[in-house]
Each structure stands twice: as structure tokens, then as C-alpha cells.
Number of protein chains: 2
Amino acid sequence: MAVVAAELHDAVEVRLADDDQRYTSGRRALVELLAVAHRPLTVAEVLERADGLTQSSVYRNLSLLEHAGVVHRVVTEDEFARFELAEDLTGHHHHHLVCSSCGTVDDFTLDASLEEALDDALASAASTVGFEVRQHRLDLVGTCRRCRR
Amino acid sequence: MAVVAAELHDAVEVRLADDDQRYTSGRRALVELLAVAHRPLTVAEVLERADGLTQSSVYRNLSLLEHAGVVHRVVTEDEFARFELAEDLTGHHHHHLVCSSCGTVDDFTLDASLEEALDDALASAASTVGFEVRQHRLDLVGTCRRCRR
DNA sequence: ATTTATGCAAATCGTTTGCAAACCT
DNA sequence: AGGTTTGCAAACGATTTGCATAAAT
């Protein structure tokens with residue numbers, strides 16, 4: 001009853017193996033959940049959507065998956081950490097729309113050519129101060145459609 | 001013995017007054033500290049640099065200053081919130097270099113023309129999904145000069 | 001059989017808050 | 001005096017961790 005492509009799980013399994021970790025059913029359930037949500041989820045949201053998952057194991061496994069490069073942690077001004085699949089697993093580079101009214105974080109993408117220009121400009125600006133860029137994070141903070149009216 | 005321009009304090013006082021708040025000496029000390037640090041500071045860093053400031057008042061006043069639009073809260077992957085003066089007070093739009101090794105957050109600026117192109121592209125991309133952008137946040141995550149070697 | 005993962009409950013730690021004393025105006 | 005701010009210590013809450021049991025190899 002896989003909702004997600006088998007290749008995703010294969011790739012996850014490889015990354016976990018590289019980190020000497022097993023791909024247990026709880027971890028698989030987390031990956032499934034994050035794959036079908038099209039936005040980063042909080043631990044509370046994960047627990048609502050899954051049963052059989054326990055809070056401490058969710059925290060532990062999300063950290064472990066993060067360490068293995070499977071999952072990425074998203075932080076915003078609010079008090080909850082959010083988690084999404086790593087971009088290089090989904091092949092889907094994206095940014096976030098952070099609603100300062102309800103806290104929800106949604107994904108969105110930027111035009112590829114602008115993205116490229118941005119990347120180049122960032123890398124060169126950073127190198128002048130001796131900083132080596134591994135990743136950029138571009139979030140838009142504002143008001144989402146549902147909170148607009 | 002003002003280390004910072006008097007106009008800054010005047011502007012802060014106005015914003016606080018608009019929010020029915022007084023500009024007390026503790027709050028003034030916070031503004032002074034944030035003005036001379038050229039990067040966002042954690043509460044621990046604030047307490048190291050100032051004496052006469054107490055932890056709970058620092059937290060309380062930073063929140064209050066944030067509410068009045070004087071101070072901006074910066075969150076990163078690590079466990080500490082950081083604070084800086086609001087950009088429209090300093091007149092200095094900037095971004096952050098977040099070192100994933102030591103956690104330090106430094107300021108840096110982007111070429112004005114790129115910044116403008118980015119702003120336009122972001123606003124139009126966001127509007128297609130009904131999101132109203134108030135602010136963008138662009139952080140570079142990587143390794144700072146000191147952690148490089 | 002030995003190692004690793006899980007679930008529960010307790011601990012951790014940055015941050016928030018209640019309350020009484022100090023400070024303005 | 002009347003209202004606000006401060007300092008201290010206690011409370012809070014998201015996350016982490018210790019430990020005993022269950023699962024995997």
C-alpha cells in the first residue's frame with residue numbers, strides 16, 4: 001500500500017545504511033508522512049496523522065533521519081520545529097511561505113533562472129568574507145490566503 | 001556617553017510611545033548593545049556584555065521591543081533566539097551568514113540591484129498563491145572563516 | 001544471544017510568569 | 001498616590017534522555 005514511490009524508500013535506506021542505521025517501520029512511517037504532506041510538519045502534526053507512533057520515538061527518529069541527511073529541520077519564529085524530506089531526496093528545491101498569523105509553513109518554488117542567478121551572487125558575496133555556503137534558505141514571511149480576509 | 005547616534009534613541013522612543021511604553025534605562029541599554037554588535041545577539045551574549053541587566057527583564061524587554069517594532073527576533077537551527085535592531089531603524093537591509101559549526105550569525109549585504117530583482121520576483125511568485133509578503137528572510141548556512149581550517 | 005529500537009516517565013533547559021519591592025511621573 | 005518596571009524564584013513546555021522491555025539480526 002505504498003503511497004510513495006519505492007525509489008524514495010530505497011534512497012532513504014541507502015542513506016541510513018551509510019549512517020549504520022536500520023530502516024525500521026517507524027522510520028518508514030515518518031518518511032511516508034513527510035512525503036505526502038506538501039509542507040513541513042510539526043511533531044504534533046505527525047502524531048495526529050499517524051497511529052502507532054509515539055512521541056519520543058518520533059523525536060528520536062526525526063533527529064536520526066536528519067543526521068542521515070534524509071530529513072531537514074525547518075525553524076520559524078514560532079515555538080515548534082518542523083520537518084520535511086531533504087531536498088536532494090525529493091529533487092525539489094523550494095522555499096517557504098511562513099504565515100505570521102497562523103504559523104503554517106507552505107512550500108513554493110522560484111523561477112529556475114532567478115534561482116541560479118541568486119545562487120551565484122550569494123556564493124560570491126559570501127566568499128568575500130571567507131564564508132563557505134552550503135545551503136541557502138529563503139523564506140517569505142507574511143499572510144497566507146486563509147488568514148487574508 | 002552615548003555610543004550610538006541620538007537619532008536612533010529618538011526613533012526608538014517614538015516607537016515605544018506609539019505602543020504606550022516607556023523608554024527605560026534597561027531598554028536603552030539593550031538598544032545600545034544591539035546597535036554596537038554588528039550581528040544578532042543571544043540573551044546570554046547580552047547578559048555577558050551588560051551589567052545591571054537581569055535575565056528576566058532582558059527577555060521581557062526584548063519581547064516588548066519586538067512588539068514595538070524596535071527589535072527583530074532571529075531564529076536558527078540552534079537552541080538560542082537572537083535579537084537585532086529592526087532593519088527600518090538601522091536603514092540597513094541585510095542577510096545572515098549562519099555557521100553550522102559554531103552557531104554564530106553574522107550580517108552581510110547583497111548587491112542592491114539583485115536585491116530589488118529578488119524582491120519583485122518573490123512578491124509576484126507569492127501572489128500567485130494568494131500570499132502577501134511582508135518580509136523576506138535569506139540566510140546562508142555554511143562554514144564561517146574561523147571554523148574553516 | 002547480542003545488539004538496536006521502542007515506550008514510558010522523568011529530566012533538561014531556554015523562556016515565561018507571579019509577586020513583592022523599587023521606580024517614575 | 002497610582003501605575004509601571006524590575007528582580008527573584010518558581011512555573012512552563014518543547015524536546016531529550018534513562019531505563020526496562022520488545023524487536024531485529
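Heavy atoms only: backbone and side chains are in, while hydrogens, waters and symmetry mates are out. Lettering follows sequence order; numbering is per chain, from 1. None of these values were measured; they are calculated from a predicted model.
Between the C1' atom of D:dA14 and the CG atom of A:Leu62 lies a distance of 14 Å, rounded to the nearest Å. C:dG7 atom P lies 11 Å from atom CZ of A:Arg27, rounded to whole Å. Atoms CD (A:Gln21) and P (C:dT4) sit 9 Å apart, rounded to a whole Å. In this structure, B:Asp78 places its CG atom 13 Å from P of D:dT16, rounding to the nearest Å. For A:Leu65 and C:dT6, the CG to P distance is 10 Å, given to the nearest whole Å. Atom pair A:Leu16:CG and C:dT4:C1' shows a separation of 13 Å (rounding to whole Å applied). The separation between A:Glu45 atom CD and D:dA14 atom P is 13 Å, rounded to whole Å. The OH-C1' distance, from B:Tyr23 to D:dT5, rounds to 16 Å in whole Å.
The B:Val43 side chain lies nearest to C:dT15 when the options are C:dT15, C:dC19, D:dT15. Distance from the side chain of B:Asn61 is smallest for D:dT6 among the nucleotides D:dG18, D:dT6, D:dT16. With C:dC24, D:dG18, D:dA24 as the candidates, the nucleotide lying closest to the side chain of A:Arg22 is D:dA24. In this structure, the nucleotide among D:dT5, C:dT6, D:dT15 sitting nearest to the side chain of A:Tyr59 is D:dT15.
Nucleic acid contact class of A:Arg60 (heavy atoms, under 4.0 Å, all strands): base. Base contact: B:Gln55 has a heavy atom under 4.0 Å from a base atom. Contact annotation for B:Ser56: base contact, defined as any heavy-atom pair under 4.0 Å involving a base atom. The residue B:Ala81 sits close only to the backbone: its heavy atoms come under 4.0 Å of sugar-phosphate atoms, none of a base.
Grouping the Ile, Leu, Val, Met, Phe, Trp and Tyr side chains by contacts below 4.5 angstrom, directly or via other members, places B:Val105 apart from B:Val46.
Atom CZ of B:Arg146 has 12 or fewer neighbouring heavy atoms from other residues, nucleotides or ligands inside a 6.0 Å radius. The number of heavy atoms from other shown groups lying within 6.0 Å of NE2 (B:His93) is above 12.
Screening A:Leu41, A:Val74, A:Val98 for a side-chain contact (heavy atoms from CB on, under 4.5 Å) involving A:Arg82 leaves a single residue, A:Val74.
Closest approach of A:Gly130 and B:Arg148 over heavy atoms only: O-NH1, 2.7 Å.
Residue A:Ser57 places at least one side-chain N or O under 4.0 Å from the OP1 or OP2 atom of C:dG7. Side-chain N/O atoms of B:Thr24 include one lying less than 4.0 angstrom from OP1 or OP2 on D:dT6.
Take the nearest nucleotide of DNA chain D for A:Arg73 and for A:Ser25: the residue whose nucleotide is more 5' is A:Arg73.
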